[in-house]
Amino acid sequence: MVKVAVLGHGTVGSGVVELLLKNKKSIESRAGQEIEVKYILDLRDFPDSPYQDKFIKDFNIILQDPEISIVAEVMGGLSPAFDYVRSLLESGKSVVTSNKELVAAKGAQLLKTANQHNVNFFFEASVGGGIPIIRPMHQCLAANEISEVAGILNGTTNFILTKMIEEQMPFDQALQLAQQLGYAERDPSADVEGHDACRKICILASLAFGKHVYPHTVHTEGISRLSLDDVAYADSFDGVIKLIGRARRLPGGKIVAAVYPAILSKHSQLANINDVFNGILIRGDATGDVVFYGRGAGKLPTASAVVADIIDITKANCTSKSLSWEDSSGDNVEDYKLSPSRFYLKLQGDPAEARKQIARCFGDAEYLARPGQPADELAFVTEEMTEHELDRRLEELQGVQLKSMIRVLDY
Ligand code: NDP
Ligand code: HSE
């Protein structure tokens with residue numbers, strides 16, 4: 001029998017304990033032995049919980065118990081999660097986690113520690129909730145040179161955008177609903193401002209390209225500045241707005257990575273991914289594009305990925321040393337503004353003068369229209385150019401005010 005401890009009894013942690021009990025029989029047959037939760041660590045008391053006898057508040061009990069061989073860290077945050085995970089690995093216990101903040105900030109170091117101590121550090125749940133993505137990338141796509149990873153990586157913002165677009169639900173109400181459903185981060189600004197998607201693209205890029213990509217090196221924008229006017233203009237362009245995380249390898253080996261809202265054609269695969277669902281596209285030189293789709297957040301989908309890691313460790317009973325990547329000093333990420341794309345721009349100003357200015361700076365722009373468009377508002381899509389070129393042309397515009405800029409991507 002394998003005895004495990006679960007750190008944190010919130011949305012994901014309670015799902016892990018529930019799933020291990022609910023599917024006990026099939027899990028046991030797949031793992032090759034029984035898996036029992038011996039401890040649940042949390043700060044709070046849970047007087048009505050059926051797992052009363054398992055709750056503890058002292059982490060050292062887990063650390064010092066030789067019976068515990070696998071620990072699920074599902075508390076979130078960097079502190080004390082990092083110290084806990086490092087000391088568990090150093091004491092010869094494998095760790096599985098859903099904590100993308102931890103993996104994005106400390107992944108290279110923790111993978112190295114795990115390898116040095118012949119234990120595993122697995123994090124399938126850290127990207128895409130219930131979608132299998134880390135293991136398929138690491139194992140099933142191992143024969144490919146991956147050139148690009150991109151996708152909808154945050155369930156909360158995709159849920160909010162879907163509610164805003166399809167039901168005209170106000171932003172705050174949609175966010176509140178996402179929080180009630182257990183999708184949002186403890187600090188939901190991590191979702192809304194793009195930091196959660198940034199952490200996930202960092203993990204995927206580190207795995208795909210073999211060197212740690214740190215969040216501070218990745219340009220990140222969220223959805224808080226989007227308006228329903230932008231949504232309407234995108235619709236008139238046969239497009240939808242999605243929060244996209246993307247990372248591409250350049251010929252010299254460096255990568256370009258960013259997170260931002262983007263307009264996608266309604267016919268693209270990613271455009272039709274709604275609600276809490278995520279979609280992740282991996283471009284391999286042998287496979288071409290492979291797209292992974294499923295619930296990107298929520299109690300049981302995420303618990304499914306955490307428990308799968310526990311089963312894998314139990315079943316293999318060995319260390320997966322191949323799951324690792326090199327550390328980096330952060331110089332592996334190139335300036336994101338070198339990436340070319342088309343741009344949607346919304347400007348305000350005298351319409352005749354604005355059209356002259358747009359023609360002078362952008363040539364043949366593709367104008368867009370929306371119901372209720374004010375006379376002094378112009379929206380258009382540029383030809384393809386780098387963001388440096390866009391900045392140069394925007395500087396030349398005179399007498400008009402830039403109200404919105406959204407990249408138009410071709411996935
Ligand atoms: P919750 O806030 O619901 O749960 C975290 C739990 O951990 C809480 O019960 C909290 O207690 C407890 N906790 C926090 N710090 C400590 C500590 N020092 N010692 C003991 N217990 C502690 O978060 P989630 O379950 O939603 O998320 C957990 C992790 O999983 C996060 O990293 C998140 O990003 C990630 N994740 C979440 C997903 C989701 O859909 N929710 C999906 C994928 C990943 P208290 O409330 O008393 O502070
Ligand atoms: N807050 C995250 C999201 C949880 O909404 O995608 C899943 O990682």
Side-chain angles (χ1 to χ4, degrees), residues 5-18 39-46 49 55-63 71-85 95-106 123-131 133-134 151-162 174-175 177-204 222-223 242-243 245 259 273 275-280 294-307 309:
V6 180
L7 311 184
H9 195 64
T11 304
V12 181
S14 61
V16 168
V17 178
E18 184 181 321
Y39 302 116
I40 304 170
L41 180 87
D42 205 287
L43 302 168
R44 281 177 293 153
D45 294 318
F46 295 83
S49 169
F55 281 99
I56 56 167
K57 287 194 163 65
D58 181 0
F59 167 72
N60 286 312
I61 294 175
I62 295 168
L63 186 65
V71 178
E73 184 281 299
V74 284
M75 306 185 308
L78 282 183
S79 178
F82 173 60
D83 288 337
Y84 283 6
V85 171
V95 176
V96 305
T97 187
S98 58
N99 185 344
K100 49 268 156 133
E101 187 176 0
L102 177 69
V103 183
K106 302 286 184 186
F123 41 87
E124 184 61 64
S126 66
V127 181
I131 307 173
I133 182 68
I134 302 294
I152 296 167
L153 301 172
N154 182 268
T156 300
T157 44
N158 207 41
F159 179 85
I160 294 172
L161 288 173
T162 306
L175 172 58
L177 199 50
Q179 287 178 293
Q180 282 163 12
L181 290 165
Y183 301 157
E185 295 301 299
R186 178 160 285 230
D187 172 2
S189 67
D191 297 293
V192 168
E193 299 304 339
H195 304 302
D196 179 74
C198 172
R199 290 164 188 154
K200 290 166 177 165
I201 199 67
C202 287
I203 297 169
L204 295 177
I223 63 165
K242 295 287 182 190
L243 184 67
V259 173
I273 290 169
D275 292 308
V276 73
F277 286 82
N278 285 188
I280 305 165
R295 288 181 189 279
K299 176 175 163 170
L300 288 178
T302 310
S304 155
V306 176
V307 173
D309 278 348

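Below, all heavy atoms of this structure are taken into account, side chains as well, without hydrogens, waters or symmetry copies. Note that ligands are numbered from 1 as they come in the structure, with each ligand's atoms numbered from 1 the same way.
- Here the heavy atom of the protein found nearest to atom 8 (O) of ligand 2 is Lys100 NZ, 2.4 Å.
- In terms of protein heavy-atom proximity, atom 5 (O) of ligand 2 is closest to Thr156 OG1, 2.6 Å.
- Using cut-offs of 30° and 60° on the angle between ring planes, the pair Phe55 and Phe46 is parallel.
- Ordered by chain and residue number, the residues placing a heavy atom less than 4.0 Å from ligand 1 are Gly8, His9, Gly10, Thr11, Val12, Leu41, Asp42, Leu43, Arg44, Val74, Met75, Gly76, Pro80, Ser98, Asn99, Lys100, Ala125, Gly182, Glu185, Arg186, Ala297, Gly298, Thr302.
- In Asp196, the part holding a heavy atom less than 4.0 Å from any atom of ligand 2 is the side chain.
- A distance-only check finds no donor-acceptor pair linking the side chain of Ser304 to the backbone of Leu300 [under 3.5 Å].
- For the pair Asp42 (side chain) and His9 (backbone), a donor-acceptor distance under 3.5 Å is present.
- For ligand 2 and Lys200, the ligand atoms under 4.0 Å from any heavy atom of the residue are 2 (C), 3 (C), 6 (O), 7 (C), 8 (O).
- Shown are Val96, Thr302, Val307; of these, the side-chain contact (heavy atoms from CB on, under 4.5 Å) with Val16 is made only by Val307.
- Counting atoms of ligand 2 from 1 in the listed order, those under 4.0 Å from a heavy atom of Glu185 are 1 (N), 2 (C), 4 (C).
- The contact set between ligand 2 and Asp191, taken as ligand atoms under 4.0 Å from a residue heavy atom, comprises 1 (N), 2 (C), 3 (C), 5 (O).
- Residue nearest to atom 7 (C) of ligand 2, selected from Gly296, Gly155, Gly129: Gly296 (by heavy-atom distance).
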* **Stepwise side-chain contact (heavy atoms from CB on, under 4.5 Å) check, Leu41 with Tyr84** => CA-CA 12 Å; Leu41 180 87; Tyr84 283 6; 4.0 Å; yes
* Asked: After noting the C-alpha distance and the side-chain angles of Asn158 and Lys242, does the key distance pass the side-chain contact (heavy atoms from CB on, under 4.5 Å) rule?
  -> CA-CA 7 Å; Asn158 207 41; Lys242 295 287 182 190; 3.2 Å; yes
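- When the side chain to side chain donor-acceptor pair (under 3.5 Å) test is applied to Asp45, the partners found at least two apart in sequence or on another chain are Lys57.
- Near Asn154, with a cut-off below 4.0 Å to any heavy atom, the atoms of ligand 2 are 2 (C), 3 (C), 5 (O), 6 (O).
- Interatomic distance, His195 NE2 to Lys200 NZ, rounded to the nearest 0.5 Å: 13.5 Å.
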* Kindly indicate, with the supporting measurements, whether the criterion side-chain contact (heavy atoms from CB on, under 4.5 Å) is fulfilled by Leu102 and Phe123. => CA-CA 10 Å; Leu102 177 69; Phe123 41 87; over 6 Å; no
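- Counting only distance, with no hydrogens or angles, the side chain of Asp191 and the backbone of Glu185 share a donor-acceptor pair below 3.5 Å.
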